[in-house]
There are 2 protein chains.
Amino acid sequence: MKPNYQLDVAEDCSRAVKRTCHTNPSVSCGDCRLGELCLPIALDAQEIGHLDEIVKRGRNLKKGDYLYREGDEFNSIYAIRAGSFKTFKSSWDGVEQVTGLYLPGEILGMDGISNNRHGGSAVALETGSFCEIPFHQLEELSARIPSLQGRFFRLMGQEIVKDQQMLTLLSSNAAEERVAALLLSISSRNHRRKLSPFNFRLPMTRAEIGSYLGITLETVSRVFSRLSKQNIVAVDNKEIQVLDISALKAVAKVKMGCS
Amino acid sequence: MKPNYQLDVAEDCSRAVKRTCHTNPSVSCGDCRLGELCLPIALDAQEIGHLDEIVKRGRNLKKGDYLYREGDEFNSIYAIRAGSFKTFKSSWDGVEQVTGLYLPGEILGMDGISNNRHGGSAVALETGSFCEIPFHQLEELSARIPSLQGRFFRLMGQEIVKDQQMLTLLSSNAAEERVAALLLSISSRNHRRKLSPFNFRLPMTRAEIGSYLGITLETVSRVFSRLSKQNIVAVDNKEIQVLDISALKAVAKVKMGCS
DNA sequence: GTTGTTCCATGATTTAAGTCAACAGATTTT
DNA sequence: AAAATCTGTTGACTTAAATCATGGAACAAC
């Protein structure tokens, strides 16, 4: 059985001739290889043209740079082209609570829509690039292009579903389930992006993972050790190799994004 | 200091002469006393008229009746007029996970938008009534009425924010914080509805509250006992009286809907 | 009203995860 | 390349909440 995914982004880019690499900042939505994951799905060529006009493409960030901060005025949503981002809130006591992990092709920043103010912050976990889509222009365009409106409704609905899955994950306890579910989620999202679902690098530290999953970093570490000992995954620092995906699913009791 | 809220719904209804009671099934959106909480905010009279044409008003349910079930085809969203509802998912092992609590003026069912299938079930926690809004008609109308589109974007955004607040509540542990936050949330939502923020009846059992908050029913019960002993709230079964709201906020470390 | 359920409170015990602490490996900085 | 900082692992101990168990109160059905 041959894997139908490329092993890494660089390799994929070198293959692409006319579509150009997605890390090329000037590539338009129609040519972006993330097209079938990002906002434009379900739009025809002409509609994508309109969308292209309002999208500010190819902004780059390095690790630790903010996309926006908690309390910032909300102006745009962001489509990730490369790299990974986390969203988080700082609680009264300054402790940061990770609320989301976002990978290429995913949309960020919808937490600002209801109040015109971002409810949390978003930072790059590594060097990355993104497109900025001014929201009021998107709204105007949506009113004129029903399929875009529909697409955006669906996108927001997806965010709701995702958050609610996370919610059930966090209330039905068990540290192991949570960690396993996160690994499966990353795995399946990688698969969607035509990357290996079995080998990937965790973009977050143990502390960030713990914060996201509502457990301590020590517990995260111990769970990795246990899963390792059972030969379910191989863990080398942030490098993860899934050895037995069905066992991993059993541990997770299949909650989050099932592949 | 005089309270500016009515003590209960019945009293409020008896006062209303031309607006008619909101439990009257035939009252239109323009006249519904929930107007300023529900979908129509930000619409003018004519737009509300259009909305009225697609809304199926005044459906009634009794305790335990389903609004929709997990896996059902998604057709409509629902606006609650009276009563309260919970949403939940059943996990593989049949254990039910409460994912949301909905009160009058709130909108239910947006979890179906992305997949055309409801991700969870919704049932009435007590006798209640609601309006059904067929989603595809709402979409069409939204494409023609920009302010309705905007309103709905905002409404979905609100759901996202709400879920993320819940998420941070569940990861930053402490049973007491969670219970306190839930009480404050209900309190402030009651306030918005011009009901007492200090006296209310919990619509859920201890088991449901526990499931929602990711703790056991015994823990919920113990937390109530402790808060009671500290004279922060008076608890008589489901009847709650908030005695010291600032102390309650301190316990909650102010997380969920702050009043 | 009586009977049968469901719901709630509380005690005793167990357990999973948190906390504290020390050290080793990585990564950055200079 | 050395120093300094951040990140990850593991152990020992503590603790908050889960589990198990009982009795009583509230509610529904008949």
Side-chain angles (χ1 to χ4, degrees), chain A residues 62-65 86 93 95-98 123-127 169-183 201-230 233-241 251 253, chain B residues 62-65 86 93 95-98 123-127 169-180 182-183 201-230 233-240 251 253:
Chain A
K62 57 183 203 309
K63 182 174 174 173
D65 286 345
K86 70 172 172 184
D93 59 353
V95 173
E96 108 177 19
Q97 267 291 333
V98 174
V123 306
L125 291 165
E126 58 195 306
T127 303
L169 184 71
L170 291 189
S171 20
S172 107
N173 291 333
E176 243 148 50
E177 283 181 41
R178 301 185 192 193
V179 174
L182 177 63
L183 293 180
R201 189 181 169 74
L202 293 172
M204 298 198 284
T205 66
R206 302 292 189 262
E208 288 165 331
I209 293 171
S211 167
Y212 187 35
L213 299 179
I215 53 186
T216 59
L217 66 105
E218 291 95 331
T219 301
V220 174
S221 183
R222 284 188 240 269
V223 169
F224 278 139
S225 298
R226 269 179 268 158
L227 292 178
S228 222
K229 219 157 280 168
Q230 298 174 264
V233 295
V235 181
D236 174 19
N237 230 299
K238 293 200 167 115
E239 218 59 56
I240 299 290
Q241 199 181 344
V251 172
K253 312 243 183 71
Chain B
K62 57 182 204 309
K63 182 174 173 173
D65 285 346
K86 70 173 173 183
D93 58 355
V95 173
E96 109 177 19
Q97 267 290 334
V98 175
V123 306
L125 291 165
E126 58 195 306
T127 303
L169 184 70
L170 292 190
S171 19
S172 106
N173 291 334
E176 243 148 50
E177 284 181 41
R178 301 185 192 192
V179 174
L182 177 63
L183 293 180
R201 189 181 169 74
L202 292 172
M204 298 198 284
T205 66
R206 302 292 189 262
E208 288 165 330
I209 293 172
S211 167
Y212 188 34
L213 299 179
I215 53 186
T216 59
L217 66 106
E218 291 96 330
T219 301
V220 175
S221 182
R222 284 187 239 270
V223 168
F224 278 139
S225 298
R226 270 178 266 158
L227 293 178
S228 223
K229 222 157 278 168
Q230 298 174 264
V233 296
V235 182
D236 175 18
N237 230 299
K238 292 200 167 113
E239 219 57 57
I240 299 289
V251 172
K253 311 243 182 72

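Proteins come first, then strands; the chains are lettered A, B, ... in the order of their sequence lines, and each starts at number 1.
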**Prompt:** Between B:Lys63 and B:Glu126, is the closest basic N to carboxylate O distance under 4.0 Å?
**Reply:** no
**Item:** Residues B:Glu177 and B:Lys253 bridged, charged N to O under 4.0 Å
**Value:** yes
**Prompt:** Is any side-chain nitrogen or oxygen of B:Thr216 closer than 4.0 Å to OP1 or OP2 of D:dA17?
**Reply:**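 Negative; the distance criterion is not met.
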How long is the line joining [atom1] of [X] and [atom2] of [N], in whole Å?
X: A:Glu177; N: D:dA18; atom1: CD; atom2: P; answer: 14 Å
X: B:Arg226; N: C:dT10; atom1: CZ; atom2: P; answer: 11 Å
X: A:Glu176; N: C:dT15; atom1: CD; atom2: C1'; answer: 14 Å
X: B:Leu213; N: D:dA16; atom1: CG; atom2: P; answer: 19 Å
X: B:Arg201; N: C:dC8; atom1: CZ; atom2: C1'; answer: 13 Å
X: B:Leu125; N: D:dC27; atom1: CG; atom2: P; answer: 16 Å

**Message:** Whether the B:Ser228 and B:Ser225 side chains hold a donor-acceptor pair (N or O, under 3.5 Å, no angle test) is what I'd like checked.
**Reply:** no
**Asked** Are a donor atom and an acceptor atom from the side chains of A:Glu96 and A:Ser211 found within less than 3.5 Å of each other?
**Response**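 No pair is found: no donor N or O on one side chain lies under 3.5 Å from an acceptor on the other.
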**Item:** Exceeds 12 heavy-atom contacts within 6.0 angstrom, atom NZ of B:Lys238
**Value:** yes
**Prompt:** Okay, side chain of A:Arg178, backbone of A:Leu170: is any donor-acceptor separation there less than 3.5 Å?
**Reply:**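 Confirmed, A:Arg178 side chain pairs with A:Leu170 backbone.
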**Item:** Comparing A:Ile215 and A:Asp236 on DNA chain C - which has the more 5′ nearest nucleotide
**Value:**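 The 5'-side residue here is A:Ile215.
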Please list, for nucleotides 7-9 of chain D, all pairs of protein and nucleotide N/O atoms separated by less than 3.5 Å.
unit_1 : atom_1 : unit_2   : atom_2 : d
D:dG8  : OP2    : A:Arg206 : N      : 2.8
D:dT9  : OP1    : A:Arg206 : NH2    : 3.4
D:dT9  : OP2    : A:Arg206 : NE     : 2.8
D:dT9  : OP2    : A:Arg206 : NH2    : 3.4
D:dT9  : OP2    : A:Ser221 : OG     : 2.8
D:dT9  : O5'    : A:Ser221 : OG     : 3.2

